[in-house]
Amino acid sequence: MTQPILATLPSAATRAIDPEAILTRLFARIGRYAGQGVDPEGRAFRAELDIEALLGRGLQARFRARRQETGEVFHEEALMFARDGLGGL
């Protein structure tokens, strides 16, 4: 099921980063999110964000934006989140 894209994580500028809290919040939001917008040139686009677990210990977030009129992918990226050997993120 597709859900709206929401900004739910606290800004690192406003409080110390707690790796466990960030991972816990991301694990609670596993799923597919979708939204739409307008780029700086005034062209409409649709975007998807998929958050999925990796081996139950980390997460991957994949983002893809497509031009609404053509379906052309114009931006795509993937991020991985996991604890490092020192307990950080």
Side-chain angles (χ1 to χ4, degrees):
M1 171 182 262
T2 301
Q3 304 169 29
I5 295 174
L6 301 174
T8 58
L9 295 177
S11 167
T14 60
R15 67 184 219 185
I17 296 174
D18 175 5
E20 191 62 36
I22 290 172
L23 287 173
T24 298
R25 291 181 83 171
L26 284 169
F27 271 111
R29 286 163 178 81
I30 289 174
R32 172 170 281 178
Y33 300 86
Q36 57 189 13
V38 178
D39 71 13
E41 288 84 36
R43 295 177 290 187
F45 70 89
R46 296 199 49 78
E48 295 177 347
L49 174 66
D50 291 305
I51 301 174
E52 58 188 351
L54 297 175
L55 303 173
R57 300 181 55 163
L59 294 124
Q60 176 172 271
R62 291 181 296 155
F63 176 82
R64 178 180 292 157
R66 297 177 182 271
R67 300 266 179 244
Q68 196 159 317
E69 65 277 1
T70 65
E72 170 195 4
V73 174
F74 71 93
H75 185 86
E76 187 170 19
E77 61 185 90
L79 303 164
M80 290 189 193
F81 300 87
R83 291 175 201 87
D84 64 17
L86 301 173
L89 186 60

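In this chain, residues are counted from 1 in sequence order. Values reported hereafter were calculated over all heavy atoms of this structure, with side chains retained and with hydrogens, waters and symmetry mates removed. Note that the coordinates shown come from a computational prediction; the quantities given were computed from them, not determined experimentally.
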So, taking the atom named [atom1] in [X] and the one named [atom2] in [Y], what distance separates them when rounded to the nearest 0.5 Å?
{"X": "Asp18", "Y": "Leu89", "atom1": "CG", "atom2": "CG", "answer": "9.5 Å"}
{"X": "Glu20", "Y": "Arg25", "atom1": "CD", "atom2": "CZ", "answer": "13.5 Å"}
{"X": "Leu26", "Y": "Gln60", "atom1": "CG", "atom2": "CD", "answer": "12.5 Å"}
{"X": "Ile22", "Y": "Phe81", "atom1": "CD1", "atom2": "CZ", "answer": "8.0 Å"}

Using the rule that two of Ile, Leu, Val, Met, Phe, Trp, Tyr join whenever any of their side-chain heavy atoms come within less than 4.5 Å, decide whether Ile30 and Leu54 are in one cluster.
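The answer is no; the residues belong to distinct hydrophobic clusters.
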Quick check: is Ile51 connected to Leu79 through a chain of hydrophobic side chains (ILVMFWY, heavy atoms under 4.5 Å apart)?
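Yes, it is one cluster - the side chains of Leu79 and Ile51 are joined through contacts under 4.5 Å.
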Give the minimum heavy-atom separation between Ala78 and Arg62, together with the two atoms involved.
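Of all heavy-atom pairs spanning Ala78 and Arg62, the closest is CB-CG, 3.9 Å.
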To check you understand the geometry: which heavy-atom pair defines the closest contact between Gly58 and Ala82, and what is its length?
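The pair with the smallest heavy-atom distance is CA-CB, 4.2 Å.
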Residue list, salt bridge (Lys or Arg N to Asp or Glu O under 4.0 Å) with Glu41, at least two apart or on another chain:
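Salt bridge (Lys or Arg N to Asp or Glu O under 4.0 Å) list for Glu41, sorted by chain: Arg43.
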After noting the C-alpha distance and the side-chain angles of Glu48 and Arg66, does the key distance pass the salt bridge (charged side-chain N to carboxylate O under 4.0 Å, His left out) rule?
CA-CA 9 Å; Glu48 295 177 347; Arg66 297 177 182 271; 5.6 Å; no
Suppose we screen for ring pair (Phe, Tyr, Trp, His ring centres under 6.0 Å). Which residues come up paired with Phe74, at least two apart in sequence or across chains?
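Ring pair (Phe, Tyr, Trp, His ring centres under 6.0 Å) check on Phe74 returns Phe45.
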Tell me yes or no: between the side chains of Gln68 and Arg46, is some donor less than 3.5 Å from an acceptor?
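Absent: no donor and acceptor within the cut-off.
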